[in-house]
Protein chains: 2
Amino acid sequence: MTESLKLSSQYCFPLYSAANRVVRAYRPFLKTIDLTYPQYLAMMVLWEEESILVGQLGKRLNLDSGTLTPLLKRLECKQLVSRHRGSEDERERLIKLTSRGRALQPLAEEIPKQVAGCMKLNLDELEQLRQLCRKLLD
Amino acid sequence: MTESLKLSSQYCFPLYSAANRVVRAYRPFLKTIDLTYPQYLAMMVLWEEESILVGQLGKRLNLDSGTLTPLLKRLECKQLVSRHRGSEDERERLIKLTSRGRALQPLAEEIPKQVAGCMKLNLDELEQLRQLCRKLLD
DNA sequence: AAAAAATATATTGTGCACAATATAAATTCA
DNA sequence: TGAATTTATATTGTGCACAATATATTTTTT
């Protein structure tokens, strides 16, 4: 057996597995506000920005239109966002937070703390993990 | 704006994004042997074990039968594995590496090194990242 | 042994994630 | 200005990831 192909030798498998685990950890909390994790990420950006173009949102979340277009349609169905065209450029799609979307924010307020409470890592370790992931993403 | 809901304050978003990035980094290399990343993980276990029950494989990969059953059927279609029943227990599904599956291993040998070469993290940082992810997964 | 409970895997349905491609509008160039 | 190119988003198709549930077999209990 070659060492390099042993599961226990892999660096990326734990990362892949940890990301799955974390999204799963969010699920019960996000269920209370009827959002998936990627939807929650999009809503976080909108709570910050009020409105944003699909392309800009994609840059913030590292997701493309193939992922975002259907996701944003689902948020539109729930009346959390509205989808408009750019005023100058008709190709652009401007996503706006609705009042219903804005009203969701206070209900999400406690979720980060609650999830952190379920984590096996302390704040220091979470910070290290974040730095390493950010460097990987550079 | 509440600090706790800012995207830049999140600990898990970089982890989620980094995992997507890493799977994407593997893709061109895995394409040469016609495997997806989760399929590659399953094959790695089989290269180690030769045969394994679905449940045991799920424990190694942190995946359930809802994910593994269709994945293993696809590997079966490619004739990389065969799917049998347990000899004692008819409920069990025993997955066996085929000769074709075994023949794939040498072609995968160089992939871990190649992917590591694309990474923005050095070996030390990869090791730290792995340790943190493992602790999170405990 | 028959009924009940537990176990292993499969199925169903939803929502990503992404590559590849399509569409349509804007920009650049001839 | 008209054609070619670029840009922004949408569409299509594949394969996860998982919750919820179903099925079938085994084990335990009565």
Side-chain angles (χ1 to χ4, degrees), chain A residues 13 15-32 34-43 52-59 61-78 80-81 83-95, chain B residues 13 15-31 34-43 52-59 61-78 80-81 83-95 137:
Chain A
F13 166 57
L15 178 64
Y16 154 85
S17 239
N20 286 345
R21 176 70 65 89
V22 157
V23 170
R24 215 180 311 154
Y26 267 95
R27 213 181 307 268
F29 299 103
L30 290 176
K31 192 173 183 178
T32 67
D34 189 30
L35 290 180
T36 65
Y37 186 70
Q39 288 169 9
Y40 168 68
L41 293 176
M43 290 305 296
I52 194 168
L53 297 176
V54 168
Q56 293 306 305
L57 182 58
K59 272 178 194 152
L61 300 184
N62 304 309
L63 294 172
D64 67 8
S65 72
T67 301
L68 287 177
T69 296
L71 184 155
L72 291 167
K73 284 182 179 173
R74 278 175 220 118
L75 292 180
E76 185 185 37
C77 277
K78 299 185 207 178
L80 300 178
V81 309
R83 299 164 69 242
H84 309 268
R85 286 298 174 185
S87 45
E88 313 274 279
D89 189 333
E90 274 289 312
R91 293 169 305 179
E92 294 177 339
R93 182 69 84 168
L94 184 66
I95 308 300
Chain B
F13 165 57
L15 176 64
Y16 155 85
S17 238
N20 286 346
R21 177 71 64 91
V22 158
V23 171
R24 215 179 313 156
Y26 266 95
R27 212 182 307 269
F29 300 103
L30 291 176
K31 190 171 186 182
D34 189 31
L35 290 180
T36 65
Y37 187 70
Q39 287 169 11
Y40 169 68
L41 293 177
M43 290 305 294
I52 194 168
L53 298 176
V54 168
Q56 293 307 305
L57 182 59
K59 272 176 194 154
L61 301 183
N62 303 308
L63 295 171
D64 68 7
S65 72
T67 300
L68 288 176
T69 296
L71 183 155
L72 292 167
K73 284 182 179 173
R74 278 175 221 118
L75 292 180
E76 186 185 38
C77 277
K78 300 185 210 179
L80 301 177
V81 308
R83 300 164 68 243
H84 310 268
R85 287 297 175 186
S87 46
E88 312 274 277
D89 188 335
E90 273 288 313
R91 292 169 305 179
E92 294 178 339
R93 182 68 86 169
L94 184 66
I95 308 299
L137 287 164

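Just so you know, these numbers use all the heavy atoms, side chains as well, and skip hydrogens, waters and symmetry mates. Within every chain, numbering begins at 1; the chains are lettered A, B, ... in the order of the sequence lines, protein sequences first and strands thereafter.
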S.K.: Under 3.5 Å, which N/O atoms of the protein pair with N/O atoms of nucleotides 22-27 of chain D?
M.R.:
from: D/dT25; atom 1: O2; to: B/Arg91; atom 2: NH1; distance (Å): 3.2
from: D/dT26; atom 1: OP1; to: B/Glu90; atom 2: N; distance (Å): 3.1

S.K.: Can you list, by residue number, the residues of residues 68-77 of chain A that have a non-hydrogen atom closer than 4.0 angstrom to DNA chain C?
M.R.: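 When residues 68-77 of chain A is checked for heavy atoms under 4.0 Å from DNA chain C, the hits, listed by number, are A/Leu71, A/Arg74.
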S.K.: For a quick check of understanding: with a heavy-atom distance under 4.0 Å over all strands, which category does B/Gly66 fall into, base, sugar-phosphate or nothing?
M.R.: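 Base, at least one base heavy atom under 4.0 Å.
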S.K.: Expressed as a whole number of angstroms, how long is the span from A/Leu15:CG to D/dA17:P?
M.R.: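 Taking atom P of D/dA17 as the reference, CG of A/Leu15 is at 13 Å.
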S.K.: May I have the distance from A/Arg93 (atom CZ) to D/dT7 (atom C1'), rounded to whole angstrom?
M.R.: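 Between C1' of D/dT7 and CZ of A/Arg93: 16 Å.
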S.K.: Where the side chain of A/Tyr16 is concerned, which of C/dC16, C/dA17, D/dC16 is the nearest nucleotide?
M.R.: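 The answer is D/dC16, which lies nearest to the side chain.
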S.K.: Tell me the interatomic distance from B/Asp64, atom CG, to D/dT21, atom C1', rounded to whole angstroms.
M.R.: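 Distance, rounded to whole Å: 13 Å.
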S.K.: Of all heavy-atom pairs between A/Gln39 and A/Asp34, which one has the smallest distance, and what is that distance?
M.R.: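 Closest approach of A/Gln39 to A/Asp34: OE1-O, 4.1 Å.
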S.K.: The side chain of B/Arg27 is closest to which nucleotide in this list: C/dA17, D/dC16, C/dA19?
M.R.: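 Nearest to the side chain of B/Arg27 among the choices is C/dA19.
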S.K.: Show which side-chain atoms of residues 62-71 of chain A pair as donor or acceptor with protein atoms under 3.5 Å away, not counting sequence neighbours.
M.R.:
from: A/Asn62; atom 1: ND2; to: B/Ser17; atom 2: OG; distance (Å): 2.8
from: A/Asp64; atom 1: OD1; to: A/Gly66; atom 2: N; distance (Å): 3.1
from: A/Asp64; atom 1: OD1; to: A/Thr67; atom 2: N; distance (Å): 3.0
from: A/Asp64; atom 1: OD1; to: A/Thr67; atom 2: OG1; distance (Å): 3.4
from: A/Thr69; atom 1: OG1; to: A/Ser65; atom 2: O; distance (Å): 3.0

S.K.: Look at the side-chain N and O atoms of A/Arg83 and state whether any lies under 4.0 Å from the OP1 or OP2 oxygen of D/dA10.
M.R.: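 Answer is yes, contact under 4.0 Å.
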S.K.: In whole angstroms, how far is the P atom of D/dC16 from the CZ atom of A/Phe13?
M.R.: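 My rounded result for the distance is 15 Å.
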S.K.: Which residues pass the side-chain contact (heavy atoms from CB on, under 4.5 Å) test with B/Ala19, not counting sequence neighbours?
M.R.: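 Counting only residues at least two positions away or on another chain, B/Ala19 forms a side-chain contact (heavy atoms from CB on, under 4.5 Å) with A/Leu15, A/Ala19.
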S.K.: Examine D/dA20: is either OP1 or OP2 under 4.0 Å from a nitrogen or oxygen in the side chain of A/Lys31? Give yes or no.
M.R.: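 So the side chain of A/Lys31 is within the cut-off, an N or O lying under 4.0 Å from OP1 or OP2 of D/dA20.
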S.K.: Between atom CG in A/Asn62 and atom P in C/dC16, what is the gap in whole Å?
M.R.: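 Distance, rounded to whole Å: 16 Å.
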S.K.: Evaluate the ring planes of B/Tyr26 and B/Tyr40, with Trp represented by its six-membered ring, and classify them as parallel (under 30°), tilted (30 to 60°) or perpendicular (over 60°).
M.R.: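 Taking B/Tyr40 first and then B/Tyr26, their aromatic rings sit tilted (interplane angle of 30° to 60°).
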S.K.: Can you tell me if B/Arg24 touches the phosphate of C/dC18, counting only side-chain N or O atoms and a distance under 4.0 Å to OP1 or OP2?
M.R.: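 Yes, such a contact exists.
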S.K.: Kindly write out the residues that satisfy salt bridge (Lys or Arg N to Asp or Glu O under 4.0 Å) with A/Arg24, not counting sequence neighbours, or none if the list is empty.
M.R.: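 If we apply the salt bridge (Lys or Arg N to Asp or Glu O under 4.0 Å) test to A/Arg24, skipping adjacent residues, there are no hits.
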S.K.: Can you name the closest pair of heavy atoms from B/Tyr16 and A/Leu41 and give their distance?
M.R.: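 B/Tyr16 and A/Leu41 have their closest heavy atoms at CE2-CD1, 3.5 Å.
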S.K.: Roughly how far apart are A/Leu53 CG and A/Lys59 NZ, rounded to 0.5 Å?
M.R.: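 If we round to the nearest 0.5 Å, A/Leu53:CG and A/Lys59:NZ are 9.5 Å apart.
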S.K.: In whole angstroms, how far is the C1' atom of C/dG15 from the CG atom of A/Leu63?
M.R.: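 About 13 Å, once rounded to whole Å.
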S.K.: Tell me the interatomic distance from A/Leu80, atom CG, to C/dG15, atom C1', rounded to whole angstroms.
M.R.: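 From A/Leu80 CG to C/dG15 C1': 16 Å.
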S.K.: Should B/Lys78 be listed as having a side-chain N or O under 4.0 Å from OP1 or OP2 of D/dG15?
M.R.: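 For D/dG15, neither OP1 nor OP2 has a side-chain N or O of B/Lys78 closer than 4.0 Å.
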S.K.: Under 4.0 Å between any heavy atoms, over every strand shown, what does A/Thr67 touch: base, sugar-phosphate, or nothing? Just pick one.
M.R.: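 Base, at least one base heavy atom under 4.0 Å.
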S.K.: I'd like to know whether NZ of A/Lys78 has more than 12 heavy-atom contacts from other residues, nucleotides or ligands below 6.0 angstrom.
M.R.: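 Atom NZ in A/Lys78 is crowded, with more than 12 foreign heavy atoms closer than 6.0 Å.
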S.K.: Which of the following nucleotides, C/dC16, C/dA10, D/dG15, is nearest to the side chain of B/Ser65?
M.R.: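 The nucleotide sitting nearest to the side chain is C/dA10.
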S.K.: Taking only the side-chain nitrogens and oxygens of A/Gln39, find out if one of them lies under 4.0 Å from OP1 or OP2 of C/dG15.
M.R.: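 Negative; the distance criterion is not met.
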S.K.: Got a sec, which residues hit side-chain contact (heavy atoms from CB on, under 4.5 Å) with A/Arg85, two or more places apart in sequence or on another chain?
M.R.: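 A/Arg85 satisfies side-chain contact (heavy atoms from CB on, under 4.5 Å) with A/Glu90, A/Arg93 once adjacent residues are dropped.
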S.K.: Hey, could you give me the CG/CD1 distance between B/Leu72 and B/Ile95, rounded to the nearest 0.5 Å?
M.R.: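 Separation between the atoms: 4.5 Å.
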S.K.: B/Tyr26 OH to C/dA19 C1': how many Å, rounded?
M.R.: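 These atoms are roughly 20 Å apart.
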